[in-house]
Amino acid sequence: MAETLDIVKDIKKILEDKKGEDIDVLDISEVSVIADYFVVASAANLPQLNAMKDELEERLYKDYHLDPKDVEGNRNSTWILLDYGDIIIHLFTREDRAFYNLERIWKDGKKVEI
């Protein structure tokens with residue numbers, strides 16, 4: 001089984017390949033029990049947001065046999081959350097990312113440079 005950080009690195013690469021913007025990885029393992037990592041990324045528009053979500057689900061299943069435990073949001077949502085247990089992925093449109101500002105809320109987490 002792959003290490004969680006290796007999967008996070010692949011998630012970041014998948015998002016970069018889909019032209020995700022401002023991709024941040026936060027290690028929240030010492031400040032919360034809900035996950036070890038948050039991956040946060042922005043999309044320019046809804047079609048791109050949905051393409052990022054679809055590619056993540058497809059590749060994480062293909063490469064690691066991972067299905068999300070939960071998905072919040074639908075094809076018209078401007079914030080989609082994919083819960084993979086130790087990794088939670090937040091995909092936003094630019095506007096909603098600025099509005100919700102998760103990095104500020106989770107500022108006690110450590111930003112991981114990948």
Between the side chains of [Y] and [X], is the shortest nitrogen-to-carboxylate-oxygen separation below 4.0 Å, so that they form an ion pair?
{"X": "Glu57", "Y": "Lys53", "answer": "yes"}
{"X": "Glu16", "Y": "Lys12", "answer": "yes"}
{"X": "Arg59", "Y": "Asp54", "answer": "no"}

Can you check whether [X] reaches [Y] side chain to side chain, under 4.5 Å on heavy atoms?
{"X": "Leu56", "Y": "Ile89", "answer": "yes"}
{"X": "Val40", "Y": "Asp22", "answer": "no"}
{"X": "Ile7", "Y": "Ile87", "answer": "yes"}
{"X": "Leu82", "Y": "Ile88", "answer": "no"}
{"X": "Tyr84", "Y": "Lys69", "answer": "no"}
{"X": "Lys110", "Y": "Leu26", "answer": "no"}
{"X": "Phe92", "Y": "Leu102", "answer": "yes"}
{"X": "Trp106", "Y": "Ser32", "answer": "yes"}

Contacts of Tyr100 that satisfy ring pair (Phe, Tyr, Trp, His ring centres under 6.0 Å) - sequence neighbours left out |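 Once residues adjacent in sequence are excluded, the partners of Tyr100 under the ring pair (Phe, Tyr, Trp, His ring centres under 6.0 Å) criterion are Trp79.
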If only atom types and distance count, is the side chain of Glu55 paired as donor or acceptor with the main-chain N or O of Leu15 below 3.5 Å?
->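 No, because the side chain of Glu55 does not come within donor-acceptor range (under 3.5 Å) of the backbone of Leu15.
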Going by distance alone, is a donor N or O of one side chain under 3.5 Å from an acceptor N or O of the other, for Ser42 and Arg97?
->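 A donor-acceptor contact under 3.5 Å links the two side chains.
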Starting at CG of Leu49, measure out to CG of Asn45 and round the result to the nearest 0.5 Å.
->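 Answer for the CG-CG pair, Leu49 versus Asn45, is 8.5 Å.
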Non-hydrogen atoms of Arg94 and Ala44 that approach each other most closely =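 Looking at all heavy atoms of both residues, the closest pair is NH2-CB, 3.5 Å.
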Tyr37, Met52: one ILVMFWY side-chain cluster at the under-4.5 Å cut-off?
->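 Yes, same cluster.
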